[in-house]
2 protein chains.
Amino acid sequence: MKGIVLLQMGGGPLGVNIYDIAREAHVGIGTVSRVFNNRRNVSASTREKVLEVGRRLNYQPHASAQRLARQRSNTISAIIPFFTNYFFVEVLQGVQDRVEQLGYDLILYGITRKGQTETYLRRTMQRGRVDGVLFFSMKFPEQFISRFQQLRLPIVLVDTSLPEFDSIAVENRRGAYIATAHLLALGHRRIGMINASLTSEPARLRLEGYRQALDDYGVQYDRNLVRFPKNLKSDGFNREAGHDAMEELLAMGGDRPSAAFAASDIQAFGALQALREHSLHAPKDIALVGFDDIEFAQHVGLSTIHQPMYEIGTLAVDVLAARVENPDVVPRHTTFIPELVVRETCGAGTMSPASRASRSMPV
Amino acid sequence: MKGIVLLQMGGGPLGVNIYDIAREAHVGIGTVSRVFNNRRNVSASTREKVLEVGRRLNYQPHASAQRLARQRSNTISAIIPFFTNYFFVEVLQGVQDRVEQLGYDLILYGITRKGQTETYLRRTMQRGRVDGVLFFSMKFPEQFISRFQQLRLPIVLVDTSLPEFDSIAVENRRGAYIATAHLLALGHRRIGMINASLTSEPARLRLEGYRQALDDYGVQYDRNLVRFPKNLKSDGFNREAGHDAMEELLAMGGDRPSAAFAASDIQAFGALQALREHSLHAPKDIALVGFDDIEFAQHVGLSTIHQPMYEIGTLAVDVLAARVENPDVVPRHTTFIPELVVRETCGAGTMSPASRASRSMPV
DNA sequence: GCCCTTCATGGAAGGGCTTCCACAAGATAG
DNA sequence: CTATCTTGTGGAAGCCCTTCCATGAAGGGC
């Protein structure tokens, strides 16, 4: 009767539970549970009766109670840096879509300040909160490695890696190589690089790819052509850093490069802005290639290296889900091969907007 | 002993609970609970003893159990359209920061396809899942109004509104007025508008503001100068729509406007691209003002109408939290006044980057 | 007609916490 | 010295579900 009374009250903190349904349908609570969990060993007539009562009383299982009883939250968290660039937005779409398909909830922990990372890691480690964690684009703090292992809390690193955990990333070295080689193939010989701080692994790898390409084309490496962020407060994957780096390159006067490779699209935007301020244009005055292929790269016609961000997002969720189901397999590291997208700023003419397809390559 | 045994096992699905702590510390479970919830009626010595045992056994309260017992999830969800534009990213930062300060968790439901909205609304309505909902930038489905009211599930509408619920928005009409008036003040008389579909309320209001400004300056309204998206599959707040609209304006030949106001920055980017394709430039050939002031507006020097997105995000959380604490107050509707940010594309010269401050105006 | 399965079902136990009530012991007041 | 209050404490009950075991009925084989 309780449920009915509540209905008559027309609201209130509705508390129709499994017992109300059982009483009303003249069955046991076990049966009610089985019906709502779609177990098969329930007779058709009983099932229908229970469902009918459920509809009538507007029953909904209580999420927290289910999680407690099942010892499973069906929730994962994503720890994502909000500050760096727009990379995460596109990855997030993939994450979100797959999470929905698999029926998980997604708790978002966005990092905007240093120090937040530890807070959120601790939080996400609380028992009963999440079944697994997606950790993005940042150095995973060492002191948490063993704690995660002890808790056996599944975690997947994206755009960063560690031998101990599953990881997904793009081949940064290869991407940088492709970008640089493209500019070389276009005839450029003095090619600048607008890099981020080498404390960032992607920045290191992208520098390696750049040098490798120069080497392969027999071009002497000139360290004056590689520019790092001056402001050491951030990792330098931002517009200001790109702007200032381009200023420095332009300040070289006659020695200045005829082309540049930026370690991220965001930096490339800053560089473009600097060019505009000097009434210069890409590719006419300086050809430019970025890295990431975030959505805005199309908006400004930036040639760049495409990362399959959406696919990275969906794969990350798949890998995490697999580990939740089966925690005792060795860590898997997956790599994506990035591709060049030719637009306007590299000066290679308007080729087709490039096949944006991408391939994955499990290692 | 259980806790110790588990520790010795060096892992396993650690299950140190309140009973383990109580036994080990020779106190009752109630006392343990009080200690970990910082209740004050516990003697200092007992408290210290319990905390010591807690540290030793590495105790953490179980999130689901707490939520069940407290009948409070300490979680809110945000239902956000991912597809339209980058508006949401910036609002999300504000949401995220405030949510952290208040100790809530944030479940993200990103909408990428029509129909998902209903799915997520249903999901978010499940008992025990969230304490409240943030609903962004979309028309709230009518059939859910009464259901939310009955459940007394707190909800705040952002960038959209309904008399029944709390809401937060920017004064769209005023913003459009300011943008148009600015172009008029610069001497333009043929001013185009690149609008989105009028099914969107912001689009309607922004059109009104545009017309009002023309009126006030004694300029005859010309419907040929207002362009709507051709592709009716979306609301038109996207780059393609902006691009095509600018194409249409350019196709007017000698009749073409000398300036244009775009209903969103994203559309403005598309418009700028179209200009580039015709080797035209803003503001030289056509002056341009956008709306939103998303981060990329700076990157390309777009003059635009600034919405205090971060503040909208934090306020949304505050309003929601207030309603969770006190569900029985009348809905409050808050409005922000947008401001013009002069950059390059409007042609008003390089004034100071404008005070980006913003004010709220409760109604 | 009897024994063994199989299937549907009821409900206790268990998951881990908060909260409330009861109680003891000390402090305060008259 | 008794009556009253305060403070600290223990633990049962309650939050709502899932799961497992026991039971009874029905079906199958010989």
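Under 4.0 angstrom from either OP1 or OP2 of D/dT19 there lies at least one side-chain N or O belonging to A/Arg39. Under 4.0 angstrom from either OP1 or OP2 of D/dG8 there lies no side-chain N or O belonging to B/Thr46. For the OP1/OP2 pair of C/dT18 and a distance below 4.0 Å, the side-chain nitrogens and oxygens of B/Ser33 include at least one atom meeting the criterion. In this model, the phosphate group of D/dC17 is approached by a side-chain N or O of B/Arg127 to a distance below 4.0 Å at OP1 or OP2. Residue B/Asn41 has no polar side-chain atom (N or O) positioned under 4.0 Å from OP1 or OP2 of D/dT9.
Taken over five-pair windows at either terminus, the axes of the helix from C/dG1-D/dC30 to C/dG30-D/dC1 are inclined to one another by 30° (rounded to 10 degrees).
One atom, CZ of B/Arg47, and another, C1' of D/dT7, lie 14 Å apart when rounded to the nearest Å. Distance, B/Lys49 NZ to D/dG8 P: 14 Å, rounded to whole Å. In this structure, B/Arg72 atom CZ and C/dT19 atom C1' are separated by 16 Å, rounded to whole Å. Here C/dC7 presents its P atom at 10 Å from CZ of A/Arg40, a figure rounded to the nearest Å. The distance between atom CG of A/Asn74 and atom C1' of D/dT18, rounded to the nearest whole Å, is 14 Å. Between the CG atom of A/Asp20 and the P atom of D/dC15 there is a distance of 10 Å, rounded to whole Å. Atom CZ of A/Arg129 and atom P of C/dG16 are 17 Å apart (whole Å). In this structure, CD1 of A/Ile18 is placed 11 Å from C1' of D/dT19, rounded to the nearest angstrom.
Contacts of B/Tyr59 with the nucleic acid, taken as non-hydrogen atoms under 4.0 Å apart, involve only primed sugar atoms and P, OP1 or OP2.
Applying the ring-ring contact (aromatic ring centres under 6.0 Å, His included) test to A/Phe144 and every residue at least two apart in sequence or in another chain returns nothing. A/Phe148 pairs by the ring-ring contact (aromatic ring centres under 6.0 Å, His included) definition with A/Phe140, not counting sequence neighbours. Evaluation of the ring-ring contact (aromatic ring centres under 6.0 Å, His included) rule for B/Phe136 yields no partner, not counting sequence neighbours. Scanning for side chain to side chain donor-acceptor pair (under 3.5 Å) contacts around B/Asp105 gives A/Tyr109, A/Arg123, A/Arg129, with sequence neighbours left out. With sequence neighbours left out, the side chain to side chain contact (heavy atoms under 4.5 Å, CB included) criterion links A/Val329 to A/Arg323, A/Asn326. B/Arg39 pairs by the side chain to side chain donor-acceptor pair (under 3.5 Å) definition with nothing, not counting sequence neighbours. Remark: B/Arg55 engages B/Glu48 in a side chain to side chain donor-acceptor pair (under 3.5 Å) (not counting sequence neighbours).
In this structure a side-chain-to-backbone donor-acceptor pair under 3.5 Å is missing from B/Thr124 to B/Leu121.
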Collect all protein-nucleotide pairs involving nucleotides 11-15 of chain C in which both atoms are nitrogen or oxygen and the distance is under 3.5 Å.
residue: C/dG11; atom: N7; partner: A/Gly30; partner atom: N; Å: 3.4
residue: C/dG11; atom: O6; partner: A/Arg34; partner atom: NH2; Å: 3.0

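Taking the six-membered ring for Trp and the full ring otherwise, the centers of B/Tyr59 and B/Phe36 sit less than 6.0 Å from each other.
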